[in-house]
Protein chains: 2
Amino acid sequence: MTAAETAIETIQREMTVFARRARASAGRMHPELSLVSYTLLGHLEERGGCRATDLAAHYALDKSTVSRQVAALERAGLVARRVDPDDHRVQVLDLTEAGREILSQVHDSRRAAFRERLSGWPPEDLTRFATYLTRYNA
Amino acid sequence: MTAAETAIETIQREMTVFARRARASAGRMHPELSLVSYTLLGHLEERGGCRATDLAAHYALDKSTVSRQVAALERAGLVARRVDPDDHRVQVLDLTEAGREILSQVHDSRRAAFRERLSGWPPEDLTRFATYLTRYNA
DNA sequence: CCGGCAAGTTGTATTCTGCAACCGGATTCA
DNA sequence: TGAATCCGGTTGCAGAATACAACTTGCCGG
């Protein structure tokens, strides 16, 4: 087996380990914000307004799932929808102030967990790791 | 925010994305074996016979959930249960031959998926990525 | 023997998800 | 311009995973 193949084995195994752990702990960290809701809010924060379809495509979710999640987030007052004046089919989603606040709380506690876990890593390794993960998920 | 903090943000987000996708796609790749089932079988393969309660504790699942999953796996002929002669409350779980076989197939196809996904990565990036993941999970 | 604890099972409710059918606005093309 | 089509989104439905609680059965210390 080449070094690259060995690396692929390792990546697979470690990703699986991670998936297991994430599955086990996701619900416990923040009961008020599911993993998906959190992800969606985070996306909105980063990219500003976007469409439900974009979210669905990006996270490989069915549009119906996104529709319901967004509806729940809107009921909870965390996101706002407005119709795109240029295309009346489109709803542009945005965080509300409350959404921003909750997101920042959850963010902080998750960040603390990751920071704890990643403490002692050289900054250069952190940025490279981040790049790899992004590329993997792209 | 420093570069390192930004990287931590990204790692956190991308890991989350990955975890969600892994779960969603696991069902599609192998309809006959959910991520949890796969994990449980893998556990049995590694450690040989164990109790349902051990699985529940190890994966932070409710014992009822494990009970149902194990029941399904037994119906599918992938695991066998036998009563512990020393304690009749206990059922010792073990892979059947069919279970071992399916597990190895799923293993292979997962490996193929990873290989596909990572094709085109320079070998040194693969090895570094593998190193980072291992370090992260350690 | 009894009370309490441990292992599993089952009933119930909730949540997340995908698929399919549908609605209404936008676009294309003859 | 008008019909066919496409696209964004919603809703009905069904299935899976899960937690919690109540229960059954077996074990063990007084």
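All chains are named by letter (A, B, ...) in the order of the sequence lines, taking the proteins before the strands, and each is independently numbered beginning at 1.
Rounded to whole angstrom, the span from the OH atom of B:Tyr59 across to the C1' atom of D:dA17 amounts to 17 Å. Rounded to whole Å, atom P of D:dG9 lies 9 Å from atom CZ of A:Arg81. Spacing between atom CG of B:Leu61 and atom P of C:dT9 amounts to 15 Å, rounded to whole angstrom units. Atom CZ in A:Arg51 sits roughly 17 Å away from atom P in D:dC6 (whole-Å rounding). In this structure, B:Leu93 atom CG and C:dG8 atom P are separated by 7 Å, rounded to whole Å. Look at CG on B:Asp62: it is 15 Å from P on C:dT10, rounded to the nearest Å. If you measure from atom CG of A:Asp84 to atom C1' of C:dT27, you get 16 Å, rounded to the nearest angstrom. C:dG18 atom P lies 13 Å from atom CG of A:Leu55, rounded to whole Å.
Pairs passing the salt bridge (charged side-chain N to carboxylate O under 4.0 Å, His left out) check and including a residue from residues 122-138 of chain B, sequence neighbours excluded, read A:Asp125-B:Arg135, A:Arg135-B:Asp125, B:Asp125-B:Arg128. Pairs of residues two or more places apart, or lying in two chains, that qualify as salt bridge (charged side-chain N to carboxylate O under 4.0 Å, His left out) and include a residue from residues 38-54 of chain A are A:Glu46-B:Arg13, A:Arg51-A:Asp54.
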N/O-N/O pairs, protein side and nucleotides 23-26 of chain D side, under 3.5 Å:
from	atom 1	to	atom 2	distance (Å)
D:dG26	N2	B:Arg89	NH1	2.9

Every protein N/O within reach of nucleotides 14-16 of chain D N/O, cut-off under 3.5 Å:
none

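Not one side-chain nitrogen or oxygen of A:Ser67 sits closer than 4.0 Å to the OP1 or OP2 atom of D:dG9. Of the side-chain N and O atoms in A:Thr65, one or more sit less than 4.0 angstrom from OP1 or OP2 of C:dG18.
By the 30° and 60° cut-offs, the orientation of the rings of A:Trp121 relative to B:Tyr132 is tilted. Taking the six-membered ring where the residue is Trp, B:Tyr38 and B:His107 present tilted rings, their angle falling between 30° and 60°.
A distance-only check finds no donor-acceptor pair linking the side chain of A:Ser67 to the backbone of A:Lys63 [under 3.5 Å]. Under the 3.5 Å distance criterion, the side-chain polar atoms of B:Ser104 are left unmatched by any main-chain donor or acceptor of B:Arg100.
Qualifying salt bridge (charged side-chain N to carboxylate O under 4.0 Å, His left out) partners for A:Arg82, counting only residues two or more places apart in sequence or in other chains: A:Asp94. B:Glu101 pairs by the salt bridge (charged side-chain N to carboxylate O under 4.0 Å, His left out) definition with nothing, not counting sequence neighbours.
Among the atoms of the strands shown, base atoms are found under 4.0 Å from some heavy atom of A:Ser64.
Residue order along DNA chain C, read from the 5' end via each residue's closest nucleotide, puts B:Cys50 first among B:Arg68 and B:Cys50.
Residues B:Leu40 and B:Val79 have side chains not in contact (no heavy-atom distance under 4.5 Å, counting atoms from C-beta outward).
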